[in-house]
Participant: 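First, the structure itself, so that you have it in front of you.
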There are 2 protein chains.
Amino acid sequence: MNDAVMPLPLPRLGVLGGMGPLATADFLVKLIQATPAASDQEHMPVIVHNVPQVPDRSTAFLAGSDAPWPHLLDGLRTLEAAGCAAIAIPCNTAHVWHARLEKETALPVLHIGEAAVDALLRQSLGARKVGILATKATLQARIYDDQLAANAIDAITPDAALQTTHVSAAIGAVKGGRIDEARVLLSHAARALIAQGADALLLACTEIPVALAGVSLDAPAIDPTDALARACVGWWLDARNERNASAPLESQP
Amino acid sequence: MNDAVMPLPLPRLGVLGGMGPLATADFLVKLIQATPAASDQEHMPVIVHNVPQVPDRSTAFLAGSDAPWPHLLDGLRTLEAAGCAAIAIPCNTAHVWHARLEKETALPVLHIGEAAVDALLRQSLGARKVGILATKATLQARIYDDQLAANAIDAITPDAALQTTHVSAAIGAVKGGRIDEARVLLSHAARALIAQGADALLLACTEIPVALAGVSLDAPAIDPTDALARACVGWWLDARNERNASAPLESQP
């Protein structure tokens, strides 16, 4: 009855997820939506390490703790063993550990900040000042700053008071399911950054685009989770083409 | 800087998914919604094998082909190697291969038909005749019949013409994004089964609950994907309690 042979496998994406689990599910949907596919079989193969026991990244970073690291490394090793050919992390703050993860593996580890700034540049908005709405840890760890500086774009961030009372409070409100409250807080913070001269916004925490969905702002906004999904699809299409060019034809599905 | 030790890991669920990828993402969301958790860290750890290159299960089964099998076995082995303690398959038709997968592994492989019939019984509807809306392969392979028979419930299925022109056509319409068309076809098929005496319905293909969302029918309907998610949460809470009872306290997170 075994009339099938396994073709040479397609390159697989490894998702180091669970931070939090709903953001990981949202990232999977964005991956699927961004993939040009006419059937199930044309979609990207993905292994998802959706293990949410990683201690809170923001809290750890701000306290100078390395508690998330062994969990992240364990996830990386699991994804390597499952045959993944690249890694993506759908959590902005976890990118604090991005450079260390890269050093631990031969696989490319896509960077959410690079993907988001690429998406901004591709939109040809001519943005010179970009407002960043993110956790305090993402801002302090300068997850987006290198990519922006490399493209001569200035970062505008909320002052300490606005960050605490509006941005951090709103992220907590989304995690607690209070979306309407978060929408009011984030709309105010976004408008404050625009008033300070931001000509585009980076919604650099997975909770933020959820709360700002449908809100009309006076500047274009980039969703880094969506940008990372599109970068993964770009990686995959290239890797698939390369594999097809090198594989014997009869082993292609 | 390494001030953290890894606690004894929690039991992990392995999701043999990708059939199709959007149904897998939907299953993840249902898992999260069904889990009693007040923080990210209290959610279930899940490894997802979302590899959609598995050949179409219905086509293969109806043609007497075993083409999906090596893909399913490969997914099972990957999930075992990733440390999973139980397996769930968010695809009704793939349950054609459920018994063979069970024989290949020491892990429990949850059954979508068992979960759906359990959910039906828990609702205490006193249903004695249940209408099944599913792919032709799910019906022919009798995925739900054993569980129903064990509980003295009769299965009512569409006749060949209604199956082809309404149910199979509607599943194709959902896969092609034509939800409105599918809703009309499935509402008609559901009403036909109710007219034949069905006092409850099983929406036994991941595409069907999507199309029937919001449609008011004269009989209660069970979503087996949701029932499987709830069965997984039940498995996990038990497995976590067992592990906590046997683990030394200081290694608990």
Side-chain angles (χ1 to χ4, degrees), chain A residues 1-7 9-10 12-13 15 17-33 35 37-56 60 64-71 73-75 78-79 81-83 175-176 253, chain B residues 1-7 9-10 12-13 15 17-33 35 37-56 60 64-71 73-75 78-79 81-83 175-176 253:
Chain A
M1 195 174 160
N2 205 330
D3 55 6
V5 289
M6 289 286 282
L10 291 168
R12 291 177 179 185
L13 178 70
V15 176
M19 302 175 275
L22 207 50
T24 298
D26 178 54
F27 178 68
L28 280 187
V29 172
K30 285 173 175 161
L31 269 182
I32 295 163
Q33 287 170 342
T35 306
S39 70
D40 286 353
Q41 287 75 19
E42 286 173 39
H43 277 277
M44 191 189 315
V46 182
I47 308 289
V48 188
H49 189 266
N50 187 31
V51 177
Q53 279 67 43
V54 188
D56 186 77
S65 155
D66 202 33
W69 175 247
H71 295 262
L73 188 59
D74 185 61
T78 301
L79 294 171
K175 285 185 190 285
Chain B
M1 195 176 163
N2 205 331
D3 55 7
V5 290
M6 290 286 280
L10 291 169
R12 292 178 178 185
L13 178 71
V15 176
M19 303 175 274
L22 207 50
T24 298
D26 177 53
F27 178 68
L28 280 187
V29 172
K30 285 173 174 161
L31 270 183
I32 296 163
Q33 288 169 342
T35 306
S39 71
D40 287 353
Q41 288 74 20
E42 286 173 38
H43 277 278
M44 192 189 313
V46 182
I47 308 289
V48 188
H49 188 267
N50 188 31
V51 177
Q53 279 67 43
V54 188
D56 186 78
S65 155
D66 203 33
W69 175 248
H71 295 262
L73 188 59
D74 185 62
T78 301
L79 293 171
K175 285 185 189 286

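Residue numbers begin at 1 in each chain, while the letters A, B, ... track the order of the sequences. Remember, predicted model here, so these are calculated numbers, not experimental data.
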Participant: Taking B:Ile47, B:Val15, B:Leu28, B:Thr24 one by one, which has the highest count of heavy-atom pairs under 4.5 Å against chain A?
Facilitator: B:Ile47
Participant: Identify which part of A:Ala81 has an atom lying under 4.5 Å from any heavy atom of chain B, answering side chain, backbone, both or neither.
Facilitator: neither
Participant: Of all of A:Asp40, A:Leu22, A:Leu13, which one pairs up most often with chain B through heavy atoms under 4.5 Å apart?
Facilitator: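 Most heavy-atom pairs within the cutoff with chain B belong to A:Asp40.
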Participant: How long is the span from the CD1 atom in A:Ile32 to the CG atom in B:Asn50, to the nearest 0.5 Å?
Facilitator: 6.0 Å
Participant: Output the option from A:Ala82, A:Pro21, A:Ala37, A:Ala38 having the highest count of non-hydrogen pairs under 4.5 Å with chain B.
Facilitator: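 Highest number of heavy-atom pairs under 4.5 Å: A:Pro21.
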Participant: If only atom types and distance count, is the side chain of B:Gln41 paired as donor or acceptor with the main-chain N or O of A:Gln53 below 3.5 Å?
Facilitator: no
Participant: Show the nearest heavy-atom pair for residues B:Met44 and A:Pro52, with the distance to one decimal.
Facilitator: O-CD, 3.6 Å
